[in-house]
Amino acid sequence: MAGVDLYWLPLGAGGHSVRVNGQVFEALVALRYRRQPSDLYHSALTVSLPEGEFVIEQAPVRRGEHGAVASGSIGSRLLPFRYEVRCWRGGSIPDVEEAVDSPQRLTDDEATARRVLELVPQVPTPTWGRDELRTGEMWNSNSVVSWLVVRAGIDPARAGIPRGGRAPGWDAGLAVARR
């Protein structure tokens, strides 16, 4: 059975440092815009096809085989930190057991699922955490997922961000995909 599923993972799931930094970031953004802080989410996709399941995500570069097809800088091109976009057959989403309102089936269409896989190596790779593509929002893992969703022809309205949460970067991916 073919399909594309979206997972929403709490930012920093399984790791204290990222979670705390995300909470500080969200508190500052909420203060700036005079609103209550929200829970932050990171997204990932699974693509199911007759030949297997593929995990698509953006994460810091790590050693070993895990389907990296593209990479970019984190924070600044001058720093040595890098992220990679993964399309990993038989892979797994770290901390998937902490996912909220997930999985969300975006499509059952096999041709669309194959199109998502074909697009992964074409994902833009601007600097993570920056707005180099002038969308009004930083580029991150949510940008990668929303870009893939739109470019594959999936209605992004099918992706429901968990209640009370935000997915920073999601709108950046939508904007770039629609250009």
Side-chain angles (χ1 to χ4, degrees), residues 1-23 25-26 29-30 36-60 62 66-70 83-120 123 128-129 137-177:
M1 185 166 174
V4 177
D5 291 315
L6 171 69
Y7 289 83
W8 292 110
L9 297 114
L11 184 69
H16 179 72
S17 176
V18 172
R19 185 173 305 218
V20 170
N21 287 334
Q23 289 169 340
F25 167 81
E26 178 58 9
V29 171
Q36 291 295 313
S38 301
D39 295 328
L40 298 182
Y41 291 94
H42 154 78
S43 57
L45 297 172
T46 59
V47 175
S48 301
L49 292 167
E51 61 266 29
E53 186 169 280
F54 299 78
V55 169
I56 300 169
E57 67 173 342
Q58 176 189 355
R62 69 174 198 205
H66 43 269
V69 296
Y83 69 82
E84 58 193 14
V85 178
R86 300 173 184 155
C87 184
W88 189 9
R89 182 178 180 166
S92 62
I93 299 172
D95 306 310
V96 73
E97 66 279 354
E98 294 186 49
V100 177
D101 294 341
S102 300
Q104 295 177 4
R105 178 55 56 116
L106 301 181
T107 185
D108 289 321
D109 182 66
E110 184 173 334
T112 303
R114 290 190 186 285
R115 178 78 177 132
V116 170
L117 289 183
E118 291 168 4
L119 287 166
V120 177
V123 167
W128 180 94
E137 194 174 39
M138 70 175 150
W139 190 266
N140 61 28
S141 60
N142 295 325
S143 312
V144 168
V145 170
S146 64
W147 186 91
L148 287 167
V149 166
V150 169
R151 294 301 294 250
I154 300 169
D155 181 359
R158 295 184 59 96
I161 298 169
R163 185 175 171 90
R166 285 191 334 111
W170 184 265
D171 290 340
L174 297 179
V176 173

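Bear in mind that the values here come from a model prediction, so they are computed numbers and not experimental data.
With values rounded to the nearest 0.5 angstrom, Glu84 atom CD is found 7.5 Å from Arg62 atom CZ. Here the CG atom belonging to Asn142 is positioned 10.0 Å from the CG atom belonging to Leu174, to the nearest 0.5 angstrom. With rounding to the nearest 0.5 Å, the separation of CD1 in Ile154 from CZ in Arg115 is 11.0 Å. Summarising the geometry, atom CZ belonging to Phe54 is positioned 11.5 Å from atom OG1 belonging to Thr46; distances are rounded to the nearest 0.5 Å. Atom CG of Leu45 is separated from atom SG of Cys87 by 9.5 Å, given to the nearest 0.5 angstrom. Leu11 CG to Arg166 CZ: the interatomic distance, rounded to the nearest 0.5 Å, is 10.5 Å.
Among pairs with a residue in residues 143-156, none fulfils side chain to side chain donor-acceptor pair (under 3.5 Å), at least two apart in sequence or across chains.
Within the 4.5 Å cutoff, no side-chain heavy atoms of Leu6 are placed close to those of Val149. Residues Glu110 and Thr112 are not in side-chain contact: their nearest non-hydrogen atoms beyond the backbone lie 4.5 Å or more apart. Pro168 is listed as a side-chain neighbour of Asn140, based on a closest heavy-atom distance under 4.5 Å. Under the 4.5 Å side-chain criterion, counting only non-hydrogen atoms from C-beta, Val123 is not in contact with Leu119.
The backbone N or O of Tyr83 lies less than 3.5 Å from no partner atom in the side chain of Gln58, so there is not a single donor-acceptor pair.
Residues meeting the salt bridge (Lys or Arg N to Asp or Glu O under 4.0 Å) test with Arg105, sequence neighbours left out: Asp5, Asp108. In this structure, Glu53 has no salt bridge (Lys or Arg N to Asp or Glu O under 4.0 Å) partners at least two apart in sequence or on a different chain.
The environment of Arg163 atom CZ is sparse: at most 12 non-hydrogen atoms of other residues, nucleotides or ligands sit within 6.0 angstrom. Heavy-atom contacts from other residues, nucleotides or ligands closer than 6.0 Å to CH2 of Trp8 number more than 12.
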Check against side-chain contact (heavy atoms from CB on, under 4.5 Å), Leu106 and Val116: CA-CA 11 Å; Leu106 301 181; Val116 170; over 6 Å; no

For a side-chain contact (heavy atoms from CB on, under 4.5 Å) check, start with the C-alpha distance between Ile56 and Val145, then their side-chain angles and the critical distance, and finish with the verdict. CA-CA 8 Å; Ile56 300 169; Val145 170; 5.7 Å; no

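The nearest pair of heavy atoms linking Ala44 to Glu57 is CB-CB, 4.0 Å.
Using a cutoff of 4.0 Å between basic side-chain nitrogens and carboxylate oxygens, Glu118 and Arg114 are not scored as salt-bridged.
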